[in-house]
Participant: 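Take this structure first; my questions come after.
Proteins get letters first, then strands, A, B, ... in listed order; numbering begins at 1 in each.
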There are 2 protein chains.
Amino acid sequence: MSNPVSTSRSRSRATPTRAQDPEGTRQNIIEVAAQEFALNGLSGARIDEIAAKTRSSKRMIYYYFGSKEGLYVSALENAYRQVREGEAKLDIAGMPPLDALKRLVEFTFDHHHQHEEFIRMVMIENIHHGEFLERSDVIRDLNVTAIGNIEAIYAKGLAAGLFRADLDPLEIHWQISALCFFNVSNRATFSKIFGKDVGSPQYQTSLRRQTVDMVLRFVVRADKLGGV
Amino acid sequence: MSNPVSTSRSRSRATPTRAQDPEGTRQNIIEVAAQEFALNGLSGARIDEIAAKTRSSKRMIYYYFGSKEGLYVSALENAYRQVREGEAKLDIAGMPPLDALKRLVEFTFDHHHQHEEFIRMVMIENIHHGEFLERSDVIRDLNVTAIGNIEAIYAKGLAAGLFRADLDPLEIHWQISALCFFNVSNRATFSKIFGKDVGSPQYQTSLRRQTVDMVLRFVVRADKLGGV
DNA sequence: GGCAAAATGTACGAACTGGTTAGTTTAGTC
DNA sequence: GACTAAACTAACCAGTTCGTACATTTTGCC
């Protein structure tokens, strides 16, 4: 490939324009790997292909990650971390419960929509029965807190007498996830079967509204549905 | 593919205990292939492995299906056909709209639950952006009629003044599919992240009820929700 | 029985693919 | 400036995997 010698010979700056950049190399490999795995699956992705798209080499992949599966797990961890970090930006602390719930659903819908690569990684992981996710405590730690938001909202809504009392926050989370996840995961087959581009802006706008609507109608008490 | 002449030949025996059984061989291969593809994905499945589990041989796979991808498409077609045939058994023609809708959701929930292999095939096909489904007009034909039920129910419900008027049958189908599909497709990661077996009978019973509930609340007019 | 076509069995090979061996360069330290 | 560990390169290898060439049997038909 390109000659590394020419890039940085005389070194006198502490600024890391270093020829050897372990962390950068690592990160670069993971990013490329995530793309390839998300596109082709675990067995479908090719180490040589990943290596070629990297600024580094195949040898480096094995140097840092040990094996194809090791690389896959790292890519998966990275994907979860990235997405959960994005989710942390949602601030609904001060909001009244109904607005908060609406906001949460909208956010989840948009967030999933924007992170197709992540959705695909989760699909692939489910094809593998979640065996790699199981091996990674990093991921489990990242996720347990994921229902904190919905728990807080639900408690608030209950206290305000707005929400039904017979629901389980985890199940609400499940329903929201289902709608938002499916929207990305099954877009291809759905569009091709019904000859309609479900991913088009118009359709997405409509589905987004319907999804919010559906969740609110599900959680909010029937006699308080006036404003929805 | 297969020679149409041979089928219409005048057969001496109606019950052929033949050593050579083309149609049986074909079917046997497809069934095994479907299992393997559903388990390992397109690139993950191994032709030699499939052949070994068959009552036939690798030679026969190529004789009948030409290539790995050809076999995959046939397995996919078979999966869709099987499932759609099962769906055809749902009879809601004479039912009042609300009961019919409830029945449809329950049926879809159960049906997806019972056909994990099919769900996995669809997941895999989505990983491949539906490119093989696109090649098969067989599948498209099978599916276009899939929303017939929901269309009929919705029309009836509208006429009875029970349903909201601002919905699109395809979108209702989408929502139902999302909830029922996700229940199977993401069970592994969901269970492992939250340390709860979402596939357990208790949890499934609960989710089933919630799903029906959610759809009904979504479709039925707020002022007619009393009986739900 | 003889025949052509369909169906099937066996063995093999070329290309691919995950992983490794052996060696080189770079960066910081004394 | 010599030294060492970390970072990196290039070539290579062994097992796998899709697919095929060739030979053989079975079947329906006259």
Participant: If the cut-off is 4.0 Å, is B:Tyr63 near the phosphate of C:dG9, judged by side-chain N/O to OP1 or OP2?
Facilitator: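 No, outside the criterion.
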Participant: Provide, to the nearest angstrom, the distance between the CE atom belonging to A:Met60 and the P atom belonging to C:dT25.
Facilitator: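 From A:Met60 CE to C:dT25 P: 15 Å.
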Participant: Can you tell me the distance, in whole Å, between the CD1 atom of A:Ile50 and the P atom of C:dT17?
Facilitator: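 Rounded to whole Å, this separation is 12 Å.
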Participant: Are A:Phe182 and B:Phe182, when compared by the centres of their aromatic rings, separated by less than 6.0 Å?
Facilitator: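 For A:Phe182 and B:Phe182, the ring centres are not under 6.0 Å apart.
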Participant: Sorted by first residue and then second, give each salt bridge (charged side-chain N to carboxylate O under 4.0 Å, His left out) pair with at least one member in residues 186-200 of chain A; sequence neighbours left out.
Facilitator: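 Checked against salt bridge (charged side-chain N to carboxylate O under 4.0 Å, His left out) - neighbours excluded - the pairs reaching residues 186-200 of chain A are A:Lys192-B:Glu134.
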Participant: Closer to the 5' end of DNA chain D via nearest nucleotide, is it A:Ser57 or A:Asp48?
Facilitator: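 Residue closer to the 5' terminus by nearest nucleotide: A:Ser57.
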Participant: Could you pull out all residues at least two apart from B:Tyr72 that satisfy side-chain hydrogen bond (donor to acceptor under 3.5 Å, both in side chains)?
Facilitator: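 B:Tyr72 satisfies side-chain hydrogen bond (donor to acceptor under 3.5 Å, both in side chains) with B:Glu125 only.
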Participant: Residues two or more places apart in sequence or in another chain: which of them pass side-chain contact (heavy atoms from CB on, under 4.5 Å) with A:Leu90?
Facilitator: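 By the side-chain contact (heavy atoms from CB on, under 4.5 Å) rule, A:Leu90 matches A:Ile92, A:Arg103, A:Leu104, A:Phe107, A:Asn149.
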Participant: Output the rounded distance in Å from CD1 (B:Ile61) to C1' (C:dT10).
Facilitator: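 After rounding, the reported distance stands at 15 Å.
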Participant: Compile the donor-acceptor pairs under 3.5 Å between side chains in residues 114-123 of chain B and protein atoms, sequence neighbours left out, one pair per line.
Facilitator:
unit_1: B:His115; atom_1: ND1; unit_2: B:His111; atom_2: O; d: 2.8
unit_1: B:Arg120; atom_1: NE; unit_2: B:Ala38; atom_2: O; d: 2.8
unit_1: B:Arg120; atom_1: NH1; unit_2: A:His129; atom_2: NE2; d: 3.3
unit_1: B:Arg120; atom_1: NH2; unit_2: A:Ile127; atom_2: O; d: 2.6
unit_1: B:Arg120; atom_1: NH2; unit_2: B:Ala38; atom_2: O; d: 3.2
unit_1: B:Arg120; atom_1: NH2; unit_2: B:Leu39; atom_2: O; d: 3.3

Participant: Show each protein N/O and nucleotides 20-23 of chain C N/O combination with a separation under 3.5 Å, one pair to a line.
Facilitator:
unit_1: C:dT21; atom_1: O4; unit_2: A:Arg59; atom_2: NE; d: 3.1

Participant: Starting from C1' on D:dG15, measure out to NZ on A:Lys68 and report it in whole angstrom.
Facilitator: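 Going from NZ in A:Lys68 over to C1' in D:dG15 covers 15 Å.
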Participant: Tell me, please, which residues at least two apart from B:Glu77 pass side-chain hydrogen bond (donor to acceptor under 3.5 Å, both in side chains).
Facilitator: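 Expected list: B:Ser136.
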Participant: Apply side-chain hydrogen bond (donor to acceptor under 3.5 Å, both in side chains) to B:Lys102 and list each qualifying residue two or more places apart in sequence or on a separate chain.
Facilitator: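 In terms of side-chain hydrogen bond (donor to acceptor under 3.5 Å, both in side chains), with neighbours along the sequence ignored, B:Lys102 is linked to no residue.
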Participant: Expressed in angstrom and rounded to an integer, what is the separation of B:Arg55 atom CZ from C:dA7 atom P?
Facilitator: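 It is 16 Å, rounded to the nearest whole Å.
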Participant: Could you check how far CZ of B:Arg26 sits from C1' of C:dA6, rounded to whole Å?
Facilitator: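 To the nearest whole Å, that distance equals 14 Å.
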Participant: In whole angstroms, how far is the C1' atom of C:dG18 from the OH atom of A:Tyr72?
Facilitator: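 Atom OH in A:Tyr72 sits about 17 Å away from atom C1' in C:dG18.
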Participant: In chain order, what residues pass the side-chain hydrogen bond (donor to acceptor under 3.5 Å, both in side chains) check against A:Asp110, with sequence neighbours excluded?
Facilitator: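 Only A:Arg208 meet the side-chain hydrogen bond (donor to acceptor under 3.5 Å, both in side chains) criterion with A:Asp110.
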Participant: Closest approach to the side chain of B:Ser67, judged atom by atom: which nucleotide of D:dA6, C:dT10, D:dG19 is it?
Facilitator: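 Of the candidates, D:dG19 comes closest.
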Participant: Indicate whether the side chain of B:Thr54 and that of B:Asn28 have a donor and an acceptor atom separated by less than 3.5 Å.
Facilitator: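 No.
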Participant: Using a heavy-atom distance cut-off of less than 4.0 Å, which residues of residues 38-47 of chain A contact DNA chain C?
Facilitator: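 A:Ala45, A:Arg46, A:Ile47 - these, ordered by number, are the residues of the stretch whose heavy atoms sit under 4.0 Å from the strand.
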